[in-house]
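Read the structure below first, then the notes.
The structure displayed is predicted, hence computed values, not measured ones.
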Amino acid sequence: MDPQQALIIIKPDAVQRGLMGKILKRFEDVGLKIVAFKFEWADREKIIAHYPETDEWFGKVGQRTLKNYGAKGLEAKEMLGTDDPVAIGKMVKSWLIDYMSESPLLFAVVEGYETIHIVRKLCGDTNPMNALPGTIRGDFSHDNIDLANGRRRPLRNIIHGTDAVEEASKEINLWFRPEELHTYARADEEIMF
């Protein structure tokens, strides 16, 4: 079995609150190896490219938003001007682009076995209110859907972590050049890998 890599992006709410070191430590503490790392203002075009541009993705995001509004007894059409899932998904993507442009971002590539599964488990549910204590979002994020919807913005959920094997190389190649990825042996690597 070969090691996997995953992209981690520490988002503006975590950067602005000074949580970068605490968050990165979680990945190192479980034995994942940081093989790339940078802190910079993200190019807006790269942020746009990071999120899919398909009607399927927009529809999925829009449906999730409609479901969240419905669960709270809110009328999406009244609040957003539409109840079309694709249109809502495009609106949410524009909110995400603005959010990811609020501060510099910390980008890291972590490596290990079953890395993507471990990253998703450590990050916790993307909705901070559903994230369990002990996860990054459960311990550090406090945003909720009502607040996000009321302010017409995405959930501020601290971190992005690659969520699928097929997405890993796309995301890593978007944010890092090949020469920025480093191979090295950790002192405990024989035990971990």
Quick one: does [X]'s side chain get under 4.5 Å of [Y]'s, heavy atoms only?
X      : Y      : result
Pro3   : Thr115 : no
Ile172 : Gln5   : yes
Glu111 : Leu32  : no
Gln16  : Ser103 : yes
Met79  : Leu74  : yes
Glu180 : Trp175 : no

- Task: Identify the two heavy atoms, one from Ala131 and one from Gly138, that lie closest to each other, and give their separation to 0.1 Å.
- Result: CB-N, 3.4 Å
- Between Trp95 and Pro154, which heavy-atom pair has the shortest distance, and what is it? CB-CD, 3.2 Å
- Message: Going by the rule side-chain hydrogen bond (donor to acceptor under 3.5 Å, both in side chains), which residues pair with Glu171 if we only count those two or more places apart in sequence or in a different chain?
- Response: His160, Thr162
- Task: Begin from the C-alpha positions of Tyr113 and Gln4 and carry the test side chain to side chain contact (heavy atoms under 4.5 Å, CB included) through to its verdict.
- Result: CA-CA 6 Å; Tyr113 290 101; Gln4 290 177 340; over 6 Å; no
- Item | Non-neighbouring partners of Phe140 that pass ring pair (Phe, Tyr, Trp, His ring centres under 6.0 Å), sequence neighbours left out | none
- Task: With side chain to side chain contact (heavy atoms under 4.5 Å, CB included) as the test, would you mind laying out the steps for Val109 and Leu181 before giving the verdict?
- Result: CA-CA 8 Å; Val109 177; Leu181 299 168; 3.8 Å; yes
Between [atom1] of [X] and [atom2] of [Y], what distance do you get to the nearest 0.5 Å?
X      : Y      : atom1 : atom2 : result
Thr65  : Lys60  : OG1   : NZ    : 12.0 Å
Leu24  : Ile34  : CG    : CD1   : 4.5 Å
Ile8   : Ile136 : CD1   : CD1   : 7.0 Å
Arg17  : Ile10  : CZ    : CD1   : 12.0 Å
Ile48  : Met100 : CD1   : CE    : 12.5 Å
Asp146 : Asn144 : CG    : CG    : 5.0 Å

In terms of side-chain geometry, is the basic nitrogen of [X] or [Y] positioned less than 4.0 Å from the acidic oxygen of its partner?
X     : Y      : result
Glu28 : Lys25  : no
Glu75 : Lys77  : no
Asp98 : Arg153 : no

- Output every pair passing side-chain hydrogen bond (donor to acceptor under 3.5 Å, both in side chains) with a member in residues 116-142, not counting sequence neighbours, ordered by first then second residue. Arg26-Asp139
- Message: Checking Asn157 against Lys11 for the side-chain hydrogen bond (donor to acceptor under 3.5 Å, both in side chains) test, could you report, in this order, the C-alpha distance in whole Å, the side-chain angles of both residues, the deciding distance, and whether it holds?
- Response: CA-CA 8 Å; Asn157 63 2; Lys11 296 179 179 181; 2.7 Å; yes
Answer yes or no: does atom [atom1] of [X] have more than 12 heavy-atom neighbours from other residues, nucleotides or ligands under 6.0 Å?
X      : atom1 : answer
Lys170 : NZ    : yes
Lys22  : NZ    : no
Glu166 : CD    : yes

If hydrophobic clusters are built from ILVMFWY residues whose side chains come within less than 4.5 Å, do [X] and [Y] share one?
X      : Y      : answer
Ile47  : Trp41  : no
Tyr51  : Leu155 : no
Leu174 : Leu96  : yes
Leu122 : Val165 : no
Ile116 : Val30  : no

- Going by the side-chain contact (heavy atoms from CB on, under 4.5 Å) test, name the single residue among Asp55, Thr54, Val61 that passes it with Phe58. Asp55
- Task: Give the intermediate values and the outcome of side chain to side chain contact (heavy atoms under 4.5 Å, CB included) for residues Phe39 and Met20.
- Result: CA-CA 10 Å; Phe39 182 62; Met20 295 179 291; 3.6 Å; yes
- Geometric class of the Phe107/Phe176 ring pair [parallel <30°, tilted 30-60°, perpendicular >60°]: perpendicular
- Task: Take Asp13 and Tyr99 through the test side-chain hydrogen bond (donor to acceptor under 3.5 Å, both in side chains) and record every step on the way to the result.
- Result: CA-CA 9 Å; Asp13 44 332; Tyr99 166 47; 2.5 Å; yes
- Task: Test Ile23 against Ile159 for side chain to side chain contact (heavy atoms under 4.5 Å, CB included), laying out the working first.
- Result: CA-CA 9 Å; Ile23 291 171; Ile159 190 167; 3.7 Å; yes
